[in-house]
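Let me begin by presenting the structure, written as structure tokens, before commenting on it.
Throughout, residue positions are numbered sequentially from 1 according to the sequence presented. Order of listing sets the numbers, starting from 1, for every ligand and every atom in it. All values below come from the heavy atoms of this structure, side chains included, with hydrogens, waters and symmetry mates left out.
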Amino acid sequence: MQFIDLKKQYNILKEEIDKSISKVLDDSHYIGGLEVKQLAEELAQYCGVKHCLTCGNGTDALTIALRCLGVGKGDAVFVPTFTFFASAETVALEGATCIFVDVDPRTFNIDSVKLDKAISKVIKEGKLNPKCVIAVDLFGQPADFPTIRKVTDKYGLLIIEDGAQGFGGSIEGKKACSFGDISTTSFFPAKPLGCYGDGGAIFTDNDEYYALMSSLAVHGKGSYKYDNIRIGYNSRLDTIQAAILLPKLHAFDNYELRDRNKIAEKYKQLLEKEFITPYVPQGFISSWAQYTIILDNLEQRERIQARLKENGIPTMIYYPIPMHKQTAFSGYNFNVDDLKEAENLCDRVLSIPMHPYLDNETIEFIANSLIESK
Ligand SMILES: *Cc1c(COP(=O)(O)O)cnc(C)c1O
């Protein structure tokens, strides 16, 4: 059994994907081909955002977004401590300071009340300039943007939505990757919408941001590639990856997102009496990048994980270490008191197989194995 069965998906979409790749090989426009433009247009339309810029990966997308907002030394950027390292790494790379914020243990996403406190504390201390919030759509569920936006508006901060795991999710019908002043996503193969290598995208409604980020992604180009007006990056999605993503986006939109939600519902029915299953607030839809349950403690998790492994069921721990405990951030000072929900989750979360091609029999086998090894 695969944790995320990319091979099964490929076998189902093979004809379309192979045809799409072949066309790129025939055209031989490997960089910046027609498919790249078409994909950006379709992604913008899917997310309901004015502009989409494809790029090299989800980490570059965050870096380019931070550069666009002028984030640098002396700035404070508020980041949930329970996330993938890139959400925080990119802030440090720009020379800014990460202020880690605890998460709501029910949604795994940034806690807006604690966010408010963290911002007001930084303002009171007066050492750093509060600049923006990176809110992460962890495990496929959008962060609580309506509430976060109230907090950021109160202090005049901007929002970057790290939608690397969130593509396809929504709040009251509004799609993930449309909530930030700038939003980013990743097409790493295991993400809800993945390509067959690295890829990413950046979304914004703001024309000026879009123009600046388009320049930053291509060596700080001016009127054309050999007119360089700022220091930038080389970050692009190649044509073959765009050609792979086009049929995959159509499958995602036509049935995969629906099927992911059916599978999550089935898991919930089978598991909710025995375990803490994911909580999806009213009006929210997750794209289920992960299906993550909460166990009693570390010992129980180790026991269950070992038993499942014996049954041939792969599981993962997202994430074992919060950002404020990462060695790379050991030089930072934190208000660790307030980060205890994330610390607690790191010891108790367990992610189980989740992809749109899981059949009922397998779901039941996984659920029964979990209950039996409890
Ligand atoms: C995967 C991921 C990224 C980085 O994406 P890459 O394409 O691997 O660079 C950033 N943030 C989060 C939350 C992620 O899960």
Side-chain angles (χ1 to χ4, degrees), residues 3-4 6 39 43 52-67 71 77-94 98 100-101 103-104 107-110 132-145 148 159-169 176-177 179-180 182-203 213 217 233-238 241-242 244-245 248 286-292 316-324 326 328-329 342 345-346 349 351 354-355:
F3 187 68
I4 296 177
L6 295 173
L39 179 71
L43 288 169
C52 170
L53 174 70
T54 57
C55 66
N57 55 64
T59 306
D60 282 2
L62 285 169
T63 293
I64 292 167
L66 287 162
R67 268 291 295 284
V71 172
V77 178
F78 300 83
V79 184
T81 194
F82 191 62
T83 183
F84 176 63
F85 192 58
S87 316
E89 177 186 35
T90 46
V91 173
L93 202 59
E94 295 309 311
C98 292
F100 293 117
V101 181
V103 294
D104 179 331
T107 62
F108 307 114
N109 283 327
I110 197 163
C132 66
V133 176
I134 298 185
V136 180
D137 302 332
L138 209 72
F139 305 152
Q141 177 158 300
D144 184 3
F145 288 102
I148 295 167
I159 297 176
I160 295 176
E161 176 185 4
D162 179 354
Q165 302 181 14
F167 189 85
C177 299
F179 296 108
I182 302 176
S183 303
T184 64
T185 197
S186 163
F187 302 124
F188 181 82
K191 307 283 179 176
L193 177 65
C195 60
Y196 290 166
D198 279 308
I202 311 170
F203 300 84
M213 293 192 291
Y233 308 91
N234 171 25
S235 187
R236 55 200 169 206
L237 184 76
D238 65 66
Q241 297 305 338
I244 291 162
L245 281 163
K248 289 193 66 172
S286 176
S287 59
W288 301 105
Q290 302 298 338
Y291 193 90
T292 303
M316 302 290 273
I317 295 162
Y318 298 122
Y319 290 93
I321 308 173
M323 292 305 108
H324 66 278
Q326 292 287 354
F329 288 118
L345 287 174
C346 288
V349 286
S351 301
M354 170 49 89
H355 60 83

Self-check item: Closest protein heavy atom to atom 13 (C) of ligand 1, given as residue, atom name and distance to 0.1 Å
Solution: Asp162 OD2, 3.4 Å
Exercise. Please step through side-chain contact (heavy atoms from CB on, under 4.5 Å) for the pair Ile202 and Cys52, ending with a clear verdict.
Key: CA-CA 6 Å; Ile202 311 170; Cys52 170; over 6 Å; no
Quiz item: Do Gly58 and ligand 1 have an N or O pair less than 3.5 Å apart?
Solution: yes
Exercise. Provide the closest heavy-atom pair for Thr83 versus Met323 in the form atom of the first, atom of the second, distance.
Key: O-CE, 3.0 Å
Quiz item: atom 4 (C) of ligand 1: which protein heavy atom is closest, and how many Å away?
Solution: Thr59 OG1, 3.5 Å
Quiz item: Relative to the heavy atoms of Asn57, which atoms of ligand 1 are at a distance of less than 4.0 Å?
Solution: 7 (O), 9 (O)
Quiz item: Is a side-chain donor or acceptor of Asp238 paired with a backbone partner of Gln241 at a separation under 3.5 angstrom?
Solution: yes
Practice problem: May I ask you to list the atoms of ligand 1 that are less than 4.0 angstrom from any heavy atom of Ala164? | Solution: 2 (C), 3 (C), 10 (C), 11 (N), 12 (C), 14 (C), 15 (O)
Practice problem: Output the list of atoms in ligand 1 that are nearer than 4.0 Å to some heavy atom of Thr83, sorted by atom number. | Solution: 13 (C)
Exercise. Measure the distances from the heavy atoms of Ser87 to every atom of ligand 1 and state whether one is below 4.0 angstrom.
Key: yes
Quiz item: Against heavy atoms of Val136, which atoms of ligand 1 measure under 4.0 Å?
Solution: 13 (C)
Exercise. Could you list which atoms of ligand 1 come closer than 4.0 Å to a heavy atom of Ser186?
Key: 5 (O), 6 (P), 7 (O)
Quiz item: Any sub-3.5 Å donor-acceptor pair from Thr90's side-chain atoms to Thr59's backbone N or O?
Solution: no
Exercise. Give the residue, atom name and distance (to 0.1 Å) of the protein heavy atom nearest atom 2 (C) of ligand 1.
Key: Lys191 NZ, 2.6 Å
Practice problem: Would you please say whether a donor-acceptor pair under 3.5 Å links the side chains of Glu161 and Ser183? | Solution: yes
Quiz item: Once you round to the nearest 0.5 Å, how far does CG of Leu66 lie from CD of Glu94?
Solution: 6.0 Å
Quiz item: Between Phe100 and Phe329, is the gap from one ring center to the other below 6.0 Å?
Solution: yes
Practice problem: Supply the atom-to-atom distance Cys55 SG to Leu237 CG, rounded to the nearest 0.5 angstrom. | Solution: 8.0 Å
Quiz item: Looking only at heavy atoms of Asp198, does any of them come nearer than 4.0 Å to an atom of ligand 1?
Solution: no
Exercise. Measure Asp60 to ligand 1 on non-hydrogen atoms and call it side chain, backbone, both or neither using the 4.0 Å cut-off.
Key: neither
